[in-house]
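Here the structure is a predicted model, which means the values were calculated and not measured.
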Amino acid sequence: MNKKYDHHVIERKWQEYWEENQFFKVIEDPEKPKYYDLEMFPYPSGNLHMGHVRNYAIGDVVARFKSMNGYNVLHPMGWDAFGLPAENAAIKNATHPSIWTNANIANMKQQLKTMGISYDWDRELATCKPDYYKFTQWMFVKLYENGLAYKKKSAVNWCPSCQTVLANEQVVDGACERCEAEVEKKQLEQWFFKITDYAQRLLDDLEQLPGWPEKVKTMQRNWIGRSEGCQFSMPIEGLNQSMTVFTTRPDTVFGVTYMVLAPEHPLVEVISQGKAEAAAVKKFAGSMKSVSELTRTANETEKEGVFTGAYALNPMNGERVPIWIANYVLMDYGTGAIMAVPAHDQRDFEFARKYDIPIRVVIKSTDSPADAAEMTEAYTGDGVMVNSGAFDGLQVEEGIAATIKHMEEHSIGVGTVNFRLRDWLISRQRYWGAPIPIVYCEKCGIVCLKEDQLPVLLPEDVEFKPSGESPLNYVESFTRTTCPDCGGEARRETDTMDTFVCSSWYFDRYCSPHEENLPFSKEAADYWMPVDQYIGGVEHAILHLMYARFFTKFLYDIDMLSCQEPFINLLTQGMVLKDSSKMSKSKGNVVSPEEIINTYGADTARLFILFASPPERDLEWSDQGVEGAYRFLNRIWRLVMEYAESIQAIQIPDSFDNLDDDARALRFKTHTTIKKVSEDIEGRFNFNTAISAIMELSNTLNAYKDKEQANLAVVKEALQSLLVLLTPFTPHICEELWHRCQKEGSICQQKWPKYDLQALIQDEIEIVVQIMGKVRDRLWVPVDISEEDLKARALELERIQEHIQGKKIAKIIVVPQKLVNIVAK
RNA sequence: GCGGAUGUGGCGGAAUUGGCAGACGCACCAGACUUAGGAUCUGGCGGGUAACACCGUGGGGGUUCGAGUCCCUUCAUCCGCACCA
């Protein structure tokens, strides 16, 4: 038998053993508490990168730890397999996206297996397979039937490079999230999911997620962007029409000195028609179209606008106010029109000053000038209403309520809540996605397929255009179909769904991945859902996590799920950095997991990554750190191998009596380590400190080796505990050493050790002695020493005597079991 | 501009409830073993000092017997949002 630590042999051996014995296969078991541990499934890009390794190493520690603690653990893995890169690769290399994708999946699965992660591979899924996307389409059908999927023409974000539209969330700083091309606005008919119907619930239920990082919840709150106010209409002079505005400050309505419409607003043309200003208005609106969203919304952009020549009537005081159009009012927020109150809104203030529009103060306070001419900026704070007729004297807050009440009573307007969140645009003009199950019938119009008519299969034999345009448009066998209602001629929708739709319900599918009639069985989901621990990158804080929450609430509403939130606890792991920046091909600082695992083994790779920093923080890659982890495993190997034979016959007694000081100290270390490692994993996910505690135990054991009267029972207990504690982190080497010690069964199926309270009891403890809060000496005393005796012992110390000589002792503070602090002046 | 996070040795990081700052690891230094060492083992390792004293958790101030930890203020870095009416 090989005496040296050979990770190649060991890791393959135990991976095969676990697989053959189906160790990680789980089924519902009502006898056991369940634990659903989930890592965000990867896009099959071709190769595992270090971010994946970190993600799955963290998840595996949790899964193995929970399993050893008696939980029935669901720990699945799958593939987020639809998406653009496959299609781009197809265009470039003339390989079909499905071939490219399947090859990548096979490769990455192989790499994943070398990591030795405790996945139940029987539950593997890929979103691009018909047996999966059939149910992605099912989701669409159900949303459609419930009025939550609809088609509308609107200005959408178009990425010219990807040749497709993007959801608002996928536009970052005016550019495409994926390819960074500048996004254009286009008027198109597109499919949307009505996520805005769930805005309030998505916001409120964040309160029920104490296990989520505050940062992520804040980001979601900002994204939902709830604001309370009111909507009211202002009649337009000379026209039988009115303009509707949204405001959060109806209390300032008497300070309105002009109105603004977004340049794209449909009323713009109507009201300026025939006016002298019409040409200028048209020119301005036209110029806005060519300005990109990016520059238009940049904070530095100066406010610009033109007068339309039209006037509106303020319904509160009958005043006639000019209507302008301006760049700073956006069509897709609120009603695309505002009432402008320059005295109390900074943007309106800047605009009014620039164009010499009157400014009227209607909120008075001690810290703002009463005269508009003296103002240097808008006053947005608290105060009382003035120049506001019957409302004068009201505080801002009561003024808001009073004006809304007045507007409602006089049918002028109504109190409303406005959200920043927009409906989710799910159409993509691409091939490699789940087809939207819709047909267009000449007679019946838009017809959504029924559940039993699914799936709408993606045709395999297609030709990819170099432009990126979807080949589906040209596949007649796909587009030409019959209407499911009337049987007449019909045309199929050629848009496919955003891949975020696929990933919004995959965690439900894992509960019953082979279910054929429904996306998942309710019984299985009732047992497993919600996910107890979700782990992944913070880059999904808004998109994926918001969409998944939306789907979960919808599925709850149609009685498919019993939970309203999919993920109880969320861990957002930090990035893996090299030379202080994210690993990327362009920077040339990529470390390949495959190479690391090949050279040092999966156990070393896992150990290094888990030890180098706590999971939420960024991790700086260090080749020397990897060496250190490898050396540690070699030390463990030698330590255990040294005792492997001699401890075999030793029995660990039920209780340890008459131990000498060294043996007691070792037992103390063993059991404090069990305690610390358990607490560090369970409560805080601080794997780095858990591992450092195990290292300390190994150091203590190494030092104990030299003792003349070594107690082998105590050593055996320590070694066994050490191996079991280390198992979630580095399972292969632990399994091997476990068997080298002639232990039965798998170490992965051992019970997590419990610490022995008896072993934690100490007779003597060290107390720190301070003078004025500064440590001057230490002293060993019996644990049960009285406060008086302890004070006396402390004062007797030579070094203390020196320091307090000639001083008066004002006070002595004793913190039991810890320290004595002498206050002397 | 708003919101959030972070700031500790040469480096990664510990210090969980206000109680020994720097656990553990890396790097480095010295020694042992050795034909050899990029293996292994032993010891050292914040600054400062002969040794103490003293100084030290981004900076300044405060509360406290005692502050990395609490409060005020300020700086730096990172992340998110940003004309949202």
Side-chain angles (χ1 to χ4, degrees), chain A residues 172-173 213-223 225-227 229 245-249 252 260 262 296-303 326-330 332-341 345-348 350-351 418-421 538-539 541-542 575 580 607-608 611-614 616-629 631-632 634-635 638 676 679-680 683-684 686 688-696 698-699 702-703 706 766-778 799 802-803 810-815 817-825:
Chain A
V172 178
D173 291 335
E214 208 50 51
K215 180 174 66 170
V216 174
K217 288 191 277 186
T218 305
M219 282 164 78
Q220 293 218 349
R221 273 185 205 110
N222 290 341
W223 193 264
R226 181 185 199 272
S227 59
V245 298
F246 172 75
T247 180
T248 55
R249 292 294 303 275
T252 63
V260 189
R296 171 141 169 221
T297 57
N299 218 9
E300 310 82 60
T301 305
E302 194 170 334
K303 292 173 186 32
N327 59 351
Y328 77 97
V329 174
L330 309 173
D332 59 1
Y333 184 77
T335 60
I338 62 157
M339 63 173 212
V341 185
D345 181 286
Q346 185 58 24
R347 295 154 300 180
D348 299 343
E350 286 167 30
F351 192 84
N418 201 48
F419 293 95
R420 203 191 84 114
L421 183 72
V538 74
E539 65 272 19
I542 297 172
M575 286 187 296
S580 311
L607 184 70
F608 163 70
F611 178 62
S613 87
E616 301 91 335
R617 257 204 260 182
D618 286 351
L619 180 153
E620 176 70 29
W621 185 266
S622 156
D623 291 333
Q624 286 168 334
V626 178
E627 292 272 358
R631 276 208 296 268
F632 171 71
N634 273 286
R635 273 202 297 279
R638 287 193 300 270
K676 176 155 179 63
E679 288 168 357
D680 280 358
R684 328 194 289 161
N686 276 15
N688 55 333
T689 52
I691 292 166
S692 87
I694 296 171
M695 287 172 168
E696 284 186 53
S698 121
N699 291 344
N702 263 317
D706 302 330
E766 193 176 35
I767 299 288
V768 165
V769 185
Q770 298 181 330
I771 294 170
M772 304 295 288
K774 283 189 173 161
V775 182
R776 297 301 179 186
D777 210 344
R778 283 148 227 269
R799 295 199 33 168
E802 282 169 26
H803 272 98
K811 197 155 71 159
I812 301 181
I813 289 144
V814 175
V815 180
Q817 317 272 315
K818 279 205 177 110
L819 62 78
V820 175
N821 187 17
I822 299 162
V823 186
K825 281 170 193 161

Expected string for nucleotides 24-31 of chain B under the B/S/- scheme (protein heavy atoms, under 4.0 Å, primed atoms plus P, OP1, OP2 as sugar-phosphate) is BSSS----

Reading nucleotides 43-57 of chain B from 5' to 3' and marking B where a protein heavy atom lies under 4.0 Å of the base, S where only the sugar-phosphate is that close, and - otherwise, the string is -----------SS--

With sequence neighbours excluded, residues passing salt bridge (charged side-chain N to carboxylate O under 4.0 Å, His left out) with [X]:
| X | answer |
| --- | --- |
| Arg635(A) | none |
| Glu350(A) | Lys303(A) |
| Glu679(A) | Lys675(A) |
| Arg347(A) | Asp345(A) |

Applying side chain to side chain contact (heavy atoms under 4.5 Å, CB included), name anything that partners [X], two or more places apart in sequence or on another chain.
| X | value |
| --- | --- |
| Arg617(A) | Ser613(A), Pro614(A) |
| Ser227(A) | Phe246(A), Thr248(A), Tyr333(A), Asn418(A) |
| Ala690(A) | Val677(A), Asp680(A), Ile681(A), Phe729(A) |
| Asn702(A) | Leu639(A), Ser698(A), Lys705(A) |

Pick out the pairs of N or O atoms, protein on one side and nucleotides 4-6 of chain B on the other, that lie under 3.5 Å.
none

Applying ring-ring contact (aromatic ring centres under 6.0 Å, His included), name anything that partners Trp621(A), two or more places apart in sequence or on another chain.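 Only Phe608(A) meet the ring-ring contact (aromatic ring centres under 6.0 Å, His included) criterion with Trp621(A).
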
In this structure, are over 12 heavy atoms from other groups packed under 6.0 Å from Lys217(A) atom NZ? yes

